[in-house]
Peer 1: 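Before anything else, here's the structure in question.
All ligand and atom numbering here is 1-based and tracks the order in the structure. As the structure is a computational prediction, the values presented were derived from the model and not from experiment.
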Amino acid sequence: MDSSEKYAFKIVVIGDPEVGKTSLIRRFSNNSFDENYKATAGADFDIKILKINDLNIFLTIWDIGAQERFGTIRNYYYSGADAAILVYDVTNSKSLDSLKSWDDDFLKASIVSNPRIIVGNKIDLLDKDELKQDKALQFAHDRNLKLILTSAKNNFNVEKIFVEISKLCLEKYNLNVIYK
Ligand code: G3D
Ligand code: MG
C-alpha cells in the first residue's frame with residue numbers, strides 16, 4: 001500500500017482573456033499545445049497529481065474560461081480555492097496592469113490570505129533584452145509574490161508554476177491531509 005501522504009488543493013488560474021491560461025493548464029496536464037482550440041467555455045477543471053519529495057499532491061486546476069469578465073461568476077470559481085495563479089501576457093502590458101484587480105478580487109473572495117503566484121507567459125515572443133520585466137517584478141515585490149516567466153508554447157517553466165504553488169499551499173495548509 002502506498003503510505004505517502006496525500007494532499008488536495010484547488011488552484012484557480014486567473015487573468016485577462018488571451019494571456020494563455022488554458023494553454024498553460026493544457027501544457028501541464030496533457031503536455032500538449034494546440035494553437036487552434038476555441039476559447040474555454042464555462043466551467044472547466046483538470047486534475048493532476050504531482051509528487052513533491054514523498055508527498056502526493058492532488059491538484060484540481062480551475063480554468064476561469066471565457067467568463068473572465070463576469071464578476072458574479074468569479075466568486076463561484078474562487079469558492080474554496082487554496083491558491084491562485086495570476087497570469088499576464090509579457091507582450092501585453094494592459095494584462096499586467098489588470099493583475100492588481102484580479103489579485104484584489106481573489107483576496108476579497110478568500111477567507112484567509114491564500115498563496116498566489118505571478119506568471120508572465122509567452123516569453124517565446126520576446127527578445128533576450130526584453131526579458132527584464134521590471135514592472136512585473138515591482139508588482140511581485142509589492143505583494144510579496146514570486147514571478148515566474150513561462151512559455152506554454154515551448155513548454156518552458158510550466159511545471160515549475162505548479163510545483164511552486166503546491167509548495168506554497170503545503171506551507172500554508174500543512175493540515176490538509178486527506179489520507180495518511
Ligand atoms: P486564455 O485561456 O488566457 O484566454 P489561451 O488564453 O490559452 O486561449 O491562449 C490565447 C492565445 O495565446 C492562443 O492563440 C494561444 O495559442 C496563444 N498562446 C498561449 N500561450 C502562448 C505562449 O506561451 N506563446 C505564444 N507564442 N502563444 C501562446 P490564438 O492565436 O489561438 O488566439
Ligand atoms: Mg481560456
Peer 1: L125 heavy atoms, cut-off 4.0 Å: which ligand 1 atoms fall inside?
Peer 2: 26 (N)
Peer 1: Counting only heavy atoms, which portion of D124 has something under 4.0 Å from ligand 1: side chain, backbone, both, or neither?
Peer 2: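 Side chain only.
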Peer 1: Numbering the atoms of ligand 1 from 1, which are under 4.0 Å from a heavy atom of E18?
Peer 2: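 Ligand 1 atoms under the 4.0 Å threshold to E18: 1 (P), 3 (O), 4 (O), 6 (O), 10 (C), 11 (C), 12 (O), 32 (O).
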Peer 1: Which heavy-atom pair separates P115 from F106 by the least distance, and what is that distance?
Peer 2: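 For P115 and F106, the tightest heavy-atom pair comes out as O-CE2, 4.4 Å.
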Peer 1: Are more than 12 heavy atoms from other residues, nucleotides or ligands located less than 6.0 Å from atom CG of N144?
Peer 2: no
Peer 1: Kindly state each residue pair satisfying salt bridge (Lys or Arg N to Asp or Glu O under 4.0 Å) with at least one member in residues 90-103, sequence neighbours excluded.
Peer 2: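 As it turns out, the salt bridge (Lys or Arg N to Asp or Glu O under 4.0 Å) pairs with a partner in residues 90-103, which skip direct neighbours, are D97-K135, K100-D104, D103-R116, D103-R143.
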Peer 1: Under a 4.0 angstrom heavy-atom cut-off, which atoms of ligand 1 come close to S23?
Peer 2: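 The list of qualifying atoms is 5 (P), 7 (O), 9 (O), 15 (C), 19 (C), 20 (N).
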Peer 1: Identify which of P17, G120, A152 has a heavy atom lying nearest to atom 23 (O) of ligand 1.
Peer 2: A152
Peer 1: Using a 4.0 Å heavy-atom threshold (strictly under), name the region of T22 that reaches ligand 1: side chain, backbone, both or neither.
Peer 2: both
Peer 1: On a heavy-atom basis, which atom in V19 and which in S95 lie closest, and how many Å separate them?
Peer 2: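 Minimum heavy-atom contact is CG1-CB, 3.6 Å.
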Peer 1: For I11, which of I117, L59, D46 qualifies under side chain to side chain contact (heavy atoms under 4.5 Å, CB included)?
Peer 2: L59
Peer 1: Backbone, side chain, both or neither: what part of V87 comes under 4.0 angstrom of ligand 1, heavy atoms only?
Peer 2: neither
Peer 1: Do Q138 and D134 get their side chains close enough for a donor-acceptor pair, meaning under 3.5 Å?
Peer 2: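 The answer is no; no qualifying pair exists.
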Peer 1: Under 3.5 Å between some N or O of ligand 1 and some N or O of T150?
Peer 2: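 No, no N or O pair falls under 3.5 Å.
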Peer 1: Does K48 count as lying over the ring of F162, i.e. NZ or CZ under 6.0 Å from the six-ring centre, within 45 degrees of the axis?
Peer 2: no
Peer 1: Got an N, O or S from T22 under 2.8 Å of the Mg ion (ligand 2)?
Peer 2: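 Yes, within the cut-off.
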